[in-house]
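Here the structure is a predicted model, which means the values were calculated and not measured. Excluded from the calculations below are hydrogen atoms, water molecules and symmetry mates; all remaining heavy atoms, backbone and side chain alike, are included.
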Amino acid sequence: MLVADVIMPEMNDRELAEAGSRLRPDIGVLYISDYTDDIVSKQGILQDDVTF
């Protein structure tokens with residue numbers, strides 16, 4: 001399992017998940033953040049198919 005912070009300084013969560021899946025196509029991704037869900041959803045950070 002890959003644990004990815006939603007907001008990172010040099011690579012976004014989607015890029016990290018894609019890089020991880022290239023190495024391990026069957027890898028699961030757990031998105032985390034210390035921001036509240038309303039802030040994350042308002043910023044449009046996560047894709048529609050991602051549950052936060």
Side-chain angles (χ1 to χ4, degrees):
M1 173 171 280
L2 173 65
V3 179
D5 195 335
V6 173
I7 300 174
M8 297 180 292
E10 295 191 23
M11 179 184 294
N12 69 38
D13 57 330
R14 178 64 87 180
E15 292 169 334
L16 180 61
E18 289 172 357
S21 67
R22 282 193 297 273
L23 297 173
R24 296 279 310 262
D26 60 338
I27 197 166
V29 181
L30 173 64
Y31 294 99
I32 62 168
S33 180
D34 62 340
Y35 291 96
T36 59
D37 61 344
D38 60 325
I39 291 174
V40 171
S41 63
K42 285 179 186 176
Q43 294 296 321
I45 296 166
L46 295 175
Q47 302 295 324
D48 291 337
D49 62 341
V50 173
T51 301
F52 178 70

Nearest atoms (heavy-atom pairs only) where Ala17 meets Leu2: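 Closest heavy-atom pair between Ala17 and Leu2: CA-CD2, 3.9 Å.
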Taking every non-hydrogen atom, the tightest pair across Val29 and Ala4: CG1-CB, 4.4 Å
Arg22: salt bridge (charged side-chain N to carboxylate O under 4.0 Å, His left out) partners, not counting sequence neighbours: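 Once residues adjacent in sequence are excluded, Arg22 has no partner under the salt bridge (charged side-chain N to carboxylate O under 4.0 Å, His left out) criterion.
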Leu16 reachable from Leu23 in the ILVMFWY side-chain graph, under 4.5 Å edges: no
